[in-house]
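Because only heavy atoms are used, hydrogens play no part in the values below, and waters and symmetry mates are left out as well, while side chains stay in. Ligands are counted one by one from 1 in listed order, and the atoms in each one are counted from 1 as well.
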Amino acid sequence: MQGKFITLEGIEGSGKSTNLDVIMEYLNQHKVECKLTREPGGGPLGPNLRSILLDKDKSISPSVEMLLMMADRKDHVDSLISPNLNQGKWVISDRYLDSTFAYQGGGRKMDMQIIDNLSKQLDLPSPDLTLLFDLPVDIALSRAKERSELDRFEKEPLHFHQRIRDAYLFLADKNKERFRIVDSSKTMTEVSQQVISFLNEFLND
Ligand code: TYD
């Protein structure tokens, strides 16, 4: 049987990576064999592509940025995501295709139809469950700034991140069957409780 494919999405500082531990612990407790991965950078070409994509000293046009994200994703899907799903393992990815719709489509204002067409041409699998960590942009960015040095995306102005949040909420509304919105403005305990309750619902479906 095919494994399930779960993706985590959200703007910078939305707390999705912090909740990876909660998700992995939950799945281990429920004896689900799973593989944790992330984008950009999950495939063999990942480290090279990731360092180009996040380099704050590089200027990259929106279409080249989108194509590099998609190249990274195809490499990731073929080498890791599909083989694991085909072996019946669950794959948990910190970011996936919705990040390209939100960041390159919403943030960089690229035509979402082009991204959609390309994803179909590349035969990219669709997630079974997408957890969107959502909170107001100003709170999220102040959290992100407390962490480390800002990368090429984190350095963008507030309205860029606002367009990304809006695009995510639009995607969640369009794909209600697989999206679940986690209210990340709550305390860490409350956020992890929401994550667990969505996983319970998914597992018992
Ligand atoms: P990363 O360091 O992994 O940050 P985060 O913890 O926010 O996931 O950086 C990944 C960055 O790449 C992040 O700013 C979002 C961006 N990105 C895109 O713009 N498009 C994409 O398709 C993906 C996967 C990521």
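Inclusion of Gln104 in the set of residues having an N or O under 3.5 Å from an N or O of ligand 1 is warranted. Below 3.5 Å of separation, one finds no N or O of Tyr96 facing any N or O of ligand 1.
With hydrogens and angles disregarded, no donor-acceptor distance shorter than 3.5 Å links the side chain of Asp116 to the backbone of Met112.
Closest to atom 7 (O) of ligand 1 among all protein heavy atoms lies Arg95 NH2, 2.9 Å. The protein atom (non-hydrogen) at minimum distance from atom 14 (O) of ligand 1 is Glu12 OE2, 2.7 Å. Here the protein heavy atom with the shortest distance to atom 22 (O) of ligand 1 is Thr100 OG1, 2.5 Å. What sits closest to atom 21 (C) of ligand 1 on the protein, heavy atoms only, is Met69 SD, 3.3 Å.
Heavy atoms of other residues, nucleotides or ligands lying less than 6.0 angstrom from NZ of Lys35 number 12 at most.
Contacts with ligand 1 closer than 4.0 Å are made by side-chain heavy atoms of Lys16 only, the backbone lying farther away.
Salt bridge Lys176/Asp173: present, at least one basic N to carboxylate O contact under 4.0 Å. The pair Lys58-Glu65 does not count as a salt bridge, with every side-chain nitrogen at least 4.0 angstrom from each carboxylate oxygen.
Proximity of Arg73 to ligand 1 is established by a heavy-atom distance of less than 4.0 Å. Put simply, part of Arg50 is less than 4.0 Å from ligand 1, judged by heavy atoms.
Of the residues His76, Arg50, Arg95, the one that meets the side-chain hydrogen bond (donor to acceptor under 3.5 Å, both in side chains) test with Glu39 is His76.
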